There are 2 protein chains.
Amino acid sequence: MRIGELAKATGTKAETIRYYEREGILPAADRTAGNYRDYSNEHLATLSFVRRARGLGFSTSQVKELLTLSDNDDKSCSDVDQLVRQQLKEVNRKIENLILLRDELSQMLQSCEASRIGDCQIVERLAQSPQVWR
Amino acid sequence: MRIGELAKATGTKAETIRYYEREGILPAADRTAGNYRDYSNEHLATLSFVRRARGLGFSTSQVKELLTLSDNDDKSCSDVDQLVRQQLKEVNRKIENLILLRDELSQMLQSCEASRIGDCQIVERLAQSPQVWR
DNA sequence: ATGCACCTTGTAGCAACTACAAGGTCAAGC
DNA sequence: GCTTGACCTTGTAGTTGCTACAAGGTGCAT
């Protein structure tokens with residue numbers, strides 16, 4: 001299949017696929033007589049894997065690692081497990097930070113509500129300290 | 001104050017401050033006889049504002065908007081409110097996605113636990129469809 | 001006058017794409 | 001057989017928000 005078809009099948013832009021090839025994430029495809037890339041079902045499977053892992057927040061280098069790990073089956077399981085665990089930790093960290101952030105933002109909005117009659121405090125809140133800003 | 005002092009006071013690298021100046025986020029400072037940047041307390045307040053807003057996940061262009069909004073006091077409150085609301089929505093979206101992601105990752109780990117004796121399913125799970133990957 | 005911390009500008013790098021530009025290929029329609 | 005249009009090729013530059021040099025200037029203490 002040609003790059004456009006693969007792109008459609010995986011929801012990836014053709015340019016991104018070429019980028020993955022340049023970066024060694026996706027193996028290079030065969031070429032047709034007219035120098036078009038010609039992808040196999042293995043490519044399709046690999047690219048799906050890559051997109052899914054990226055969607056789960058793995059970096060491209062982690063994805064590369066996952067790919068090589070899944071190539072040699074023995075011993076790989078604990079390494080893969082390790083990577084997933086690390087990623088899970090990272091995700092939890094992000095969630096916690098975002099929740100703090102959400103709380104701050106909604107407090108800002110509430111302080112705006114509260115002072116409908118006067119002028120809202122959002123800018124002051126952002127400026128944080130009670131000094132007049134500008 | 002010189003750039004290093006401002007940097008220390010706000011927890012920003014000097015290079016980042018110069019970057020903000022180039023990008024028009026922070027107004028240019030006066031210069032000393034020796035061509036060093038010489039910052040005022042207003043700069044300090046503005047930079048604190050910028051860092052705080054960035055820390056809350058506002059993009060640099062949103063920060064610029066917030067800065068200009070807070071410059072002309074009238075009418076600004078509802079616009080600021082709007083920006084904060086938008087940001088809050090975005091943050092909630094991110095949190096939801098991350099929670100989905102977390103669930104998937106921990107399910108992966110559990111399927112690994114479950115099949116201690118056999119080989120773990122993580123790679124298969126990533127590959128998603130039951131086709132053999134590679 | 002010499003060392004050192006600090007400053008200046010300019011440029012390049014990071015991640016992970018995305019967006020051109022300028023040109024080649026291929027099938028369909030007239 | 002020739003054109004049109006969709007698709008493909010390579011290469012390069014842009015995006016966001018910094019960060020990291022390199023090569024040189026300033027300011028102050030010893």
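Proteins get letters first, then strands, A, B, ... in listed order; numbering begins at 1 in each. As the structure is a computational prediction, the values presented were derived from the model and not from experiment.
Rounded to an integer number of Å, the gap from OH of Tyr19(A) to P of dA13(D) is 18 Å. In this structure, the CD atom of Glu5(B) is 14 Å from the C1' atom of dC7(C), given to the nearest Å. Across the protein-nucleic acid pair, Met1(B) atom CE and dC7(C) atom C1' stand 16 Å apart, rounded to whole Å. Counting to the nearest Å, the C1' atom of dC7(D) and the CD1 atom of Ile17(A) are 14 Å from each other. Straight-line distance from the CZ atom of Arg31(A) to the P atom of dC26(C): 13 Å, rounded to whole Å. The nearest whole Å value for the distance from the OH atom in Tyr20(A) to the P atom in dT18(C) is 8 Å. As a whole-Å value, the separation of Lys8(A) NZ from dC7(D) P is 7 Å. Rounded to whole angstrom, the span from the CD1 atom of Ile3(A) across to the P atom of dT10(D) amounts to 9 Å.
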Strictly under 4.0 angstrom, non-hydrogen atoms only: write out the protein contact profile of nucleotides 20-30 of chain D, one letter per nucleotide from the 5' end, B, S or -.
BB---BBS---
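Checked against salt bridge (charged side-chain N to carboxylate O under 4.0 Å, His left out), Glu96(B) has no partners two or more places apart in sequence or in another chain. Residues passing the side-chain hydrogen bond (donor to acceptor under 3.5 Å, both in side chains) test with Thr10(B) are Thr12(B), sequence neighbours excluded. Partners of Arg102(B) according to the salt bridge (charged side-chain N to carboxylate O under 4.0 Å, His left out) rule, which considers only residues two or more places apart in sequence or in another chain, do not exist here. With sequence neighbours left out, the ring pair (Phe, Tyr, Trp, His ring centres under 6.0 Å) criterion links Tyr36(A) to no other residue. Residues satisfying the side-chain contact (heavy atoms from CB on, under 4.5 Å) test with Ala14(A), not counting sequence neighbours, are Ile3(A), Arg18(A). A search for salt bridge (charged side-chain N to carboxylate O under 4.0 Å, His left out) contacts involving Glu23(B) returns nothing, not counting sequence neighbours.
Overall bending of the helix from dA1(C)-dT30(D) to dC30(C)-dG1(D), expressed as the angle between end axes built from five pairs apiece, is 30° (10° steps).
Taking only side-chain nitrogens and oxygens, Ser59(A) never comes nearer than 4.0 Å to OP1 or OP2 of dA15(C). Distances shown here put a side-chain N or O of Arg37(A) below 4.0 Å from the OP1 or OP2 atom of dT10(D). An OP1 or OP2 oxygen of dA16(C) is reached within less than 4.0 angstrom by no side-chain nitrogen or oxygen of Thr16(A). Side-chain N/O atoms of Thr60(A) include one lying less than 4.0 angstrom from OP1 or OP2 on dA16(C). For dC17(C), the OP1/OP2 oxygens have a side-chain nitrogen or oxygen of Arg54(A) closer than 4.0 Å.
Evaluated for a side chain to side chain donor-acceptor pair (under 3.5 Å) with Glu90(A), the options Lys94(A), Arg93(A), Gln87(A) yield exactly one hit, Arg93(A).
Applying the ring-ring contact (aromatic ring centres under 6.0 Å, His included) test to every pair with at least one member in residues 12-31 of chain A, sequence neighbours left out, gives no pairs at all.
Using modelled atom types and a 3.5 Å distance limit, the side chains of Thr46(B) and His43(B) yield no donor-acceptor pair.
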